[in-house]
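Only one structure is covered here, and it is reproduced in the block below.
One-based numbering along the sequence shown.
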Amino acid sequence: MRTKVRELRKQRGLSQADLASAMGVTRQTIIAIENEKYTASLVLAYKLAHYFGLAIEDVFDFSDLEG
């Protein structure tokens, strides 16, 4: 799933560790999400979107899942 997490994180000058700490996950989880190797749970997707002040759809691209 495509994501804007890396772009949003960098715009705010956050490290992966900073964002991971704010989300209550490991840095490896943030890395995996940014590299599109891991799909965030609904709860984590909501937390990320809320953290950046955006809707989930503005952070994650669900078009690949539509069928």
Side-chain angles (χ1 to χ4, degrees):
M1 173 183 310
R2 291 186 186 161
T3 175
K4 294 182 183 173
V5 173
R6 177 180 286 131
E7 175 185 328
L8 294 165
R9 176 181 60 76
K10 287 184 176 185
Q11 285 175 358
R12 287 161 177 78
L14 298 168
S15 70
Q16 290 168 329
D18 293 336
L19 183 56
S21 178
M23 294 298 105
V25 298
T26 65
R27 182 174 160 266
Q28 288 75 17
T29 298
I30 298 301
I31 291 168
I33 291 170
E34 288 184 354
N35 290 328
E36 302 172 5
K37 303 280 187 205
Y38 173 76
T39 301
S41 68
L42 181 57
V43 172
L44 181 53
Y46 175 81
K47 285 173 70 174
L48 283 162
H50 188 263
Y51 183 81
F52 291 118
L54 299 168
I56 291 175
E57 295 85 1
D58 295 330
V59 179
F60 297 92
D61 179 359
F62 294 96
S63 61
D64 291 351
L65 302 178
E66 294 173 359

Separation between CZ of R27 and CD of E34, rounded to the nearest 0.5 Å: 9.5 Å
Rounded to the nearest 0.5 Å, what separates atom CD in Q16 from atom OG in S21? 13.5 Å
For a 4.5 angstrom cut-off between non-hydrogen side-chain atoms, does R6 reach N35? yes
If we only count heavy atoms from C-beta on, is the F52 to D58 side-chain gap below 4.5 Å? no
Single-linkage hydrophobic cluster L42~I30, side-chain heavy atoms < 4.5 angstrom: yes
Side-chain donor/acceptor of R9 to backbone N/O of L14, under 3.5 Å: yes
T29 side chain near L44 side chain, heavy-atom distance below 4.5 Å: yes
Taking all atoms of both residues into account, what is the closest heavy-atom pair of A40 and A45, and its distance? CB-N, 4.1 Å
Side chain to side chain, L54 and L8, heavy atoms closer than 4.5 Å: yes
Step by step, work out the side chain to side chain contact (heavy atoms under 4.5 Å, CB included) result for T39 and F60. CA-CA 9 Å; T39 301; F60 297 92; over 6 Å; no
Kindly assign one of parallel, tilted or perpendicular to the pair H50 and Y46, based on the angle between their ring planes and the thresholds 30° and 60°. parallel
Below 4.5 Å, heavy atoms only, C-beta onward: do Q28 and Y38 meet side chain to side chain? no
Joint hydrophobic cluster, I31 plus V5, side-chain heavy atoms closer than 4.5 Å: no
Please examine the side chains of Y51 and L19, heavy atoms only from C-beta on, and report whether any two atoms are closer than 4.5 Å. yes
